Amino acid sequence: QVQLVESGGGSVQAGGSLRLSCAASGYTHSNYAMAWFRQAPGKEREGVAILYSGNSYTYYPDFVKGRFTISQDNAKNTLYLQMNSLKPEDTAMYYCAATERTVLRGYVLSPDLYKYWGQGTQVTVSS
């Protein structure tokens with residue numbers, strides 16, 4: 001059973017940085033895609049970054065590209081999301097998610113494709 005536990009959220013001023021962590025267990029690195037999503041109140045959950053464990057392929061949507069970086073430390077079984085140049089519109093609950101790479105079809109950051117989710121960590125960016 002895959003388990004994901006996020007940490008590292010908090011409050012920061014616009015232009016600041018935060019690094020989120022996701023402690024993962026119960027999966028085979030090479031078979032999984034790991035991703036970060038976020039959900040603001042009243043809005044749909046949206047993906048912000050994906051990493052294919054095994055070959056380190058990454059993808060970011062345009063609204064975070066150049067500001068967010070996803071990475072993984074396999075020795076520590078931990079996924080990270082480095083967020084720089086934060087904006088008030090980045091305020092949301094951030095979730096770590098995982099799924100087997102074989103199920104990915106179409107847009108790889110569609111929440112429906114992800115089977116395993118963490119509990120979330122809140123990020124608040126003030127102007």
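What's counted below: heavy atoms across the whole structure, side chains too, no hydrogens, waters or symmetry copies. Numbers for residues simply follow the sequence, beginning at 1. Because the structure is predicted, anything quoted here is derived from the model rather than measured.
Salt bridge status for Lys65 with Asp62: present, with a side-chain N to carboxylate O gap under 4.0 Å.
Residues Ser17 and Ser85 approach most closely at OG-N, 4.3 Å, considering heavy atoms. Contact detail for Tyr107 and Pro61: the closest heavy-atom pair is OH-CB, 4.1 Å.
No continuous path of hydrophobic side-chain contacts links Tyr59 to Leu81 [ILVMFWY only; heavy atoms under 4.5 Å]. Placement of Leu109 and Tyr57 within a single hydrophobic cluster is found when ILVMFWY residues are connected by side-chain heavy-atom separations under 4.5 Å, directly or transitively. Tyr32 is not connected to Leu113 by any chain of hydrophobic side-chain contacts under 4.5 Å among Ile, Leu, Val, Met, Phe, Trp and Tyr, and they are in different clusters. By the criterion of side-chain heavy atoms lying less than 4.5 angstrom apart, applied directly or through intervening Ile, Leu, Val, Met, Phe, Trp or Tyr residues, Val48 is grouped together with Leu4 in one hydrophobic cluster. Linking ILVMFWY side-chain heavy atoms closer than 4.5 Å, directly or via other members, places Met34 and Leu104 in two distinct hydrophobic clusters.
Evaluation of the disulfide bond (SG atoms under 2.5 Å apart) test over residues 5-78, restricted to residues two or more places apart or in two chains, returns Cys22-Cys96. For residues 70-99, no pair satisfies ring-ring contact (aromatic ring centres under 6.0 Å, His included), with sequence neighbours left out. For residues 23-83, no residue pair satisfies the disulfide bond (SG atoms under 2.5 Å apart) rule, not counting sequence neighbours.
Residue-environment remark: CD (Gln3) stays at or below the threshold of 12 foreign heavy atoms within 6.0 Å. No more than 12 heavy-atom neighbours from other residues, nucleotides or ligands sit within 6.0 angstrom of CD on Gln13.
For the pair Thr99/Trp117, no side-chain contact is recorded, criterion being any heavy-atom separation below 4.5 Å from C-beta on.
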